[in-house]
Amino acid sequence: MQRRHFLKGSAALLSTLPVAVVAAQGPGSSAPGATAGMGADTRTLAPIVAGPDRIIEMNVCTRPFRPQGPRIETERIGRKQVVHNYGHGGSGWSLSWGSAQLAVAMAKETGRQEIAVVGCGAIGLTTAVVAQQAGLRVRIYAKERPPYVRSNFATGAWTPDSRICTAEHAAAFAERWESMARYSFRRYQSLLGVAGNPIEWRDMYSLSDLPPGSPQPNNESGEPEYPNFERELIQDITPQNVDVVSHPFPVPYVRRRPTLLFNIASYSRLLMGDFLAGGGRIETYALTDRSDFAAIEERTIINCTGYGARALLADDSIIPVRGQTCKLMPQPELDYGFYYGSRHVAVYPRRDGLLVQAQAEGDFNNDAENLDPNESISAVQRLAEIIAQMKRA
Ligand SMILES: Cc1cc2nc3c(=O)[nH]c(=O)nc-3n(C[C@H](O)[C@H](O)[C@H](O)COP(=O)(O)OP(=O)(O)OC[C@H]3O[C@@H](n4cnc5c(N)ncnc54)[C@H](O)[C@@H]3O)c2cc1C
């Protein structure tokens, strides 16, 4: 899944005509994970305009992956009670509410009404808001704040079991994961319809050359095996895959599934606005090692430093997983995206730009945060080729 797979081709292939899609699920559709008994629907898909000339931004950063799952536990450091809340791999946005709920409950056990949160990314901001909602007074200390935190460079989709732990640690972590995922999913529904569309549902199509359920090609990326928690533990609350039997995509097998999208620009502003409106304060402060917790005034501290915790606490359990994305010109009319695994490309219809995710070889255990422009250009070229091959209505 992670192999670099650059296709040579023209630089910018554009699709300019609308295409129609018919999704149907008949009695014969018994593929794993698909919902039985769905009706048929017909809709027109607005064309995606893709080409390197449309790129407006490229980003790269590291996911803070821990094989055992995020670290959410209390540690006494000097005179401070530090509740750690870091290491959320590729699921930080998705699990942020549930993770915050656990960490805040631990912080409340200290009995203090004034707490500090270190970190202002997805986890820190959400934790600060949840702590305020629990009646606590909160001050954030952080080296960076949005839009300069790593969280702002994420894809922005509901991916609650993406690189969240290894299969080896799944059994020990499953119950905690399920409670975090269920709580987070519910909180996200309460943010639908909010001005600026911070959160919205969008259809994602999954394109494949092989029938659903086929064995995956050998994994040559060096990544460990991951559990499929979402399918196993929370299928009852999330929308399911539908096999799409008539579609414009240039592949034999297509599935459609609604996905929660996080429009990170407006969503992080919403969180920040809520935090400040709730009386929160933010101070710029970079901790160099664990002795620096002593300089923080509050006695109870929730540590949400993400990948930064690796250096701050000398915590080698955090493994960097590099990820590069780019954005194409926003297309507000788009209400769908797609993922094509064998061509290592995905496109998400975010409001702040079409988010193109490239899968690259060697991302696992790779802490290189330097941009490789060719990686994104190549992904956009592959995307453009797929679009050019889509059937016209
Ligand atoms: C390419 C890519 C795509 C992703 N896509 C998704 C997705 O679609 N859905 C999803 O749910 N997740 C996704 N993720 C994962 C998600 O982005 C992370 O899990 C999440 O950003 C972690 O958030 P955080 O708040 O822990 O870390 P960060 O965003 O890194 O925030 C850490 C905060 O701590 C501060 N800090 C760090 N060290 C120190 C220090 N020493 N002193 C003071 N402050 C410090 C930083 O300044 C910052 O404010 C993706 C990640 C990548 C890389």
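Read the numbers this way: they start at 1 and go in the same order the structure lists the ligands and their atoms. Position 1 is the first residue of the sequence, and the numbers go up from there.
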Checklist outcome for this item: At under 4.0 Å between heavy atoms, what of Tyr285 touches ligand 1? The answer is backbone
Item to check | Taking atom 17 (O) of ligand 1 as the reference point, the nearest protein heavy atom with its distance | outcome: Ala154 CB, 3.4 Å
Item to check | Proximal atoms of ligand 1 relative to Ser91 (non-hydrogen, under 4.0 Å) | outcome: 10 (C), 11 (O), 12 (N), 15 (C)
Item to check | Geometric N/O contact Gly156 with ligand 1, under 3.5 angstrom | outcome: yes
Checklist entry - Where's the contact between Cys304 and ligand 1, heavy-atom distance under 4.0 Å: side chain, backbone, both or neither? => result backbone
Next on the checklist: If you measure every N or O of Trp93 against every N or O of ligand 1, does any of those distances drop under 3.5 Å?
Outcome noted: yes
Item to check | Within 6.0 Å of OH in Tyr285, more than 12 heavy atoms from elsewhere | outcome: yes
Checklist entry - Mind checking whether Phe262 and Trp93 have parallel, tilted or perpendicular rings, split at 30° and 60°? => result tilted
Checklist outcome for this item: Ranked by distance from atom 22 (C) of ligand 1, the top protein heavy atom is Ser151 OG, 3.9 Å
Checklist entry - Do other residues, nucleotides or ligands put more than 12 heavy atoms under 6.0 Å from Arg257 CZ? => result yes
Checklist outcome for this item: Note: ligand 1 atoms sitting under 4.0 Å from heavy atoms of Gly308 are 37 (C), 38 (N)
Checklist outcome for this item: closest protein heavy atom to atom 35 (C) of ligand 1 is Gly119 CA, 3.8 Å
Item to check | Tyr307, any N or O under 3.5 Å of ligand 1 N or O | outcome: no
Next on the checklist: Heavy-atom contact check, 4.0 Å cutoff: does Tyr86 meet ligand 1?
Outcome noted: no
Checklist entry - Which one of Gly87, Pro64, Ala122, Ala157 has a non-hydrogen atom at the shortest distance from atom 8 (O) of ligand 1? => result Ala157
Item to check | Gly323: numbered ligand 1 atoms lying under 4.0 Å from its heavy atoms | outcome: 1 (C)
Next on the checklist: Return the closest protein heavy atom for atom 53 (C) of ligand 1 as residue, atom name and distance.
Outcome noted: Cys61 SG, 3.2 Å
Checklist entry - Does a donor on one side chain and an acceptor on the other come within less than 3.5 Å for Asn374 and Ser378? => result no
Checklist entry - Below 3.5 angstrom, do we get any N/O pair linking Arg63 and ligand 1? => result no
Item to check | Side-chain heavy-atom pair Ser96, Tyr188 within 4.5 angstrom cut-off | outcome: yes
Next on the checklist: Within the 4.0 Å heavy-atom shell around Thr159, which atoms of ligand 1 are there?
Outcome noted: 7 (C), 8 (O), 9 (N), 10 (C), 11 (O)
Checklist entry - Is there a side-chain contact between Tyr141 and Thr305 (heavy atoms, below 4.5 Å)? => result no
Item to check | Gly92, any N or O under 3.5 Å of ligand 1 N or O | outcome: yes
Checklist entry - Just wondering, more than 12 heavy atoms not from Arg76 lying within 6.0 Å of its CZ? => result yes
Checklist entry - Has ligand 1 got any nitrogen or oxygen that is less than 3.5 angstrom from a nitrogen or oxygen of Gly89? => result yes
Item to check | Nearest protein heavy atom with distance in Å, relative to atom 44 (N) of ligand 1 | outcome: Lys143 N, 3.1 Å
Checklist entry - What are the atoms of ligand 1, with element, lying closer than 4.0 Å to any heavy atom of Ala142? => result 44 (N), 49 (O)
Checklist entry - Does Arg145 come within less than 4.0 Å of ligand 1, judged by its heavy atoms? => result no
Checklist outcome for this item: Looking only at non-hydrogen atoms, the one of Thr155, Leu355, Asp363, Thr325 nearest atom 4 (C) of ligand 1 is Thr155
Item to check | For Gly306, atoms of ligand 1 separated by under 4.0 Å from a heavy atom | outcome: 26 (O), 27 (O)
Checklist entry - Taking everything shown except Glu333 itself, do over 12 heavy atoms lie less than 6.0 Å from its CD? => result yes
Next on the checklist: Cys120 versus ligand 1: do any nitrogen or oxygen atoms come within less than 3.5 Å of each other?
Outcome noted: yes
Checklist entry - What is the closest protein heavy atom to atom 48 (C) of ligand 1, and at what distance does it sit? => result Val149 CG1, 3.6 Å
Item to check | For Ala286, atoms of ligand 1 separated by under 4.0 Å from a heavy atom | outcome: 42 (N), 43 (C)
Checklist entry - Is any side-chain heavy atom of Gln357 less than 4.5 Å from a side-chain heavy atom of Tyr339? => result no
Next on the checklist: Classify the ring geometry of Tyr336 against Tyr205: parallel below 30°, tilted from 30° to 60°, perpendicular beyond 60°.
Outcome noted: perpendicular
Checklist entry - Does an N or O anywhere in Ile123 fall below 3.5 Å from an N or O of ligand 1? => result yes
Checklist entry - Could you go step by step and tell me if Arg66 and Ser317 meet the side chain to side chain donor-acceptor pair (under 3.5 Å) rule? => result CA-CA 6 Å; Arg66 293 181 83 236; Ser317 71; 2.8 Å; yes
Item to check | Backbone or side-chain N or O of Thr288 under 3.5 Å from ligand 1 N or O | outcome: no
Next on the checklist: Test your reading of the structure: does Thr62 have an N or O sitting under 3.5 Å from an N or O of ligand 1?
Outcome noted: no
Next on the checklist: With a 4.0 Å cut-off on N to O distance, would you call Glu298 and Arg137 a salt bridge?
Outcome noted: no
Item to check | Protein heavy atom at shortest distance from atom 13 (C) of ligand 1 | outcome: Gly90 O, 3.3 Å
Checklist entry - For atom 41 (N) of ligand 1, what's the nearest protein heavy atom and its distance? => result Leu287 O, 2.8 Å
